[in-house]
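Residue numbers start from 1 in every chain, and the chains themselves are labelled A, B, ... in the order their sequence lines are given, proteins ahead of strands. Everything numeric in this text was worked out from a predicted model, so none of it was measured.
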Amino acid sequence: MRIATWNVNSVRARHDRVLAWLRRTDVDVLALQETKARDAQFPTASFEELGYQVAHLGHSQWNGVALLSRVGLDDVRAGFEGMPTWGDPPVAEARALSAVCGGVRVWSLYVPNGRTLDDPHLQYKLDWLAALRAAGAGWLAADPDAQVALVGDWNIAPRDEDVWDMRAFAGATHVSEPERAAFAAVVDAGFADVVRPFTPAPGNFTYWDYTQLRFPRREGMRIDFVLASPALARRVRGASIDREERKGKGASDHAPVVVELDDAGTTG
DNA sequence: ATGGTAGTCGAACTA
């Protein structure tokens with residue numbers, strides 16, 4: 001079984017690319033972020049024609065998350081316990097969607113950006129991650145053998161080697177100590193980064209800004225992650241970042257990230 | 001040099 005995550009930066013602008021990528025890669029579960037679509041705008045039928053069940057959580061103009069699965073899509077949930085809201089009045093931001101796919105609870109997550117270090121959005125980001133850590137710790141406390149995947153765009157580069165040049169990020173979000181601490185707290189709660197061991201730094205980025213020729217200059221960031229609960233991490237047999245998908249006209253600014261699992265019941 | 005590109009909708013905002 002293979003699970004993938006991809007910030008597509010508009011599922012409608014990327015429709016042909018996503019369909020072609022699914023045909024080419026044949027993944028079982030694909031989590032999407034930044035779909036930038038209301039539910040009625042989401043191209044559900046075209047994914048169903050490829051054999052995937054579809055869940056989408058849309059609404060706002062900029063965010064939106066989805067799950068495509070051909071190994072079942074059960075107990076769909078929007079948001080997690082204690083997830084903070086943003087805005088006054090609160091805006092339905094559509095940042096977290098989960099379902100049980102082939103025995104694994106997969107969360108498609110779009111962590112708040114934070115914007116700048118002095119913006120209230122940064123505290124919202126930290127609160128959001130703290131709530132996710134608390135919720136995740138609760139799931140593992142209730143069932144230490146739970147197979148849970150926290151996948152998506154975390155908008156954090158956990159290590160200096162996860163950006164092309166730390167000097168370019170002085171005073172910026174994504175690399176600050178509190179953001180890295182919030183990410184580390186999720187890891188400490190029991191969710192391991194299962195992609196990094198197969199894609200060691202330097203240079204294995206998942207995102208390259210559209211401006212400044214960042215991609216051809218290989219100036220990117222590693223901010224998209226698959227974090228796995230202990231029982232799921234034991235099943236991981238490989239992982240990759242599909243850098244090829246970032247190439248050419250009409251690419252998202254993020255590359256898909258793919259994790260390969262052992263068949264259930266054959267772990268050990 | 002306060003830039004650059006891409007997406008939403010159709011001005012301004014988000015990333």
note: Glu93(A), atom CD; dT8(B), atom C1'; distance rounded to Å ~ 15 Å
Separation of dA15(B) atom C1' from His174(A) atom NE2, nearest Å, is 8 Å
Whole-Å distance, Asp209(A) CG to dA15(B) P, equals 13 Å
Distance, P atom - from dG3(B) to dA12(B), rounded to whole angstrom: 16 Å
### Message
Roughly how many Å apart are dG4(B) and dA15(B), using the C1' atom of each and rounding to a whole number?
### Response
13 Å
Taking dT8(B), dG4(B), dT5(B) as options, the one with an atom nearest any side-chain atom of Tyr210(A) is dT5(B)
| message | Please classify the nucleic acid contact of Arg14(A) as base, sugar-phosphate, or nothing, using heavy-atom distances under 4.0 Å. | response | sugar-phosphate
Asp153(A) CG to dT14(B) P, in whole Å, measures 17 Å
Across the strands shown, which category fits Tyr110(A) at heavy-atom distances under 4.0 angstrom: base, sugar-phosphate, nothing? sugar-phosphate
Remember a base hit wins even if backbone is also touched, and classify Gln41(A) as base, sugar-phosphate or nothing at under 4.0 Å, heavy atoms. sugar-phosphate
Quick note, Lys36(A) side chain, CB onward, closest among dT8(B), dG4(B), dA15(B) is dT8(B)
A cation-pi test, strictly: NZ or CZ of Arg222(A) under 6.0 Å from the centre of the six-membered ring of Phe205(A) and no more than 45 degrees from its axis. Yes or no? no
Shortest non-hydrogen pair, Glu48(A) vs Val54(A), comes out as CG-CG2, 4.2 Å
From CD of Gln33(A) across to C1' of dA15(B) the rounded distance in Å is 14 Å
With a 6.0 Å cut-off on ring centres, are Trp86(A) and Trp128(A) close enough?
no
Considering only heavy side-chain atoms of Thr211(A), the closest of dA15(B), dT8(B), dG4(B) is dG4(B)
Please confirm whether the shortest side-chain N or O distance from Arg12(A) to OP1 or OP2 of dG7(B) is below 4.0 Å.
no
Asn63(A) CG to dC13(B) P, in whole Å, measures 16 Å
When Arg214(A) and Glu34(A) are each assigned the nearest nucleotide of DNA chain B, the 5'-most assignment goes to Arg214(A)
Of the candidates dT5(B), dT8(B), dA15(B), the side chain of Ala13(A) sits closest to dT8(B)
Sequence neighbours excluded and cut-off under 3.5 Å, please list the side-chain donor-acceptor pairs for residues 182-194 of chain A, or say none.
from, atom 1, to, atom 2, distance (Å)
Asp193(A), OD1, Val195(A), N, 3.0
Asp193(A), OD1, Arg196(A), N, 3.2

Between CG of Leu122(A) and C1' of dT14(B) the distance, given in whole Å, is 16 Å
Between CZ of Arg38(A) and P of dG7(B) the distance, given in whole Å, is 17 Å
Sorted by position of nearest nucleotide on DNA chain B, 5' first, the leading residue of Gln212(A) and Ala251(A) is Gln212(A)
Report yes or no: do Glu49(A) and Ser46(A) form a side-chain donor-acceptor pair below 3.5 Å?
no
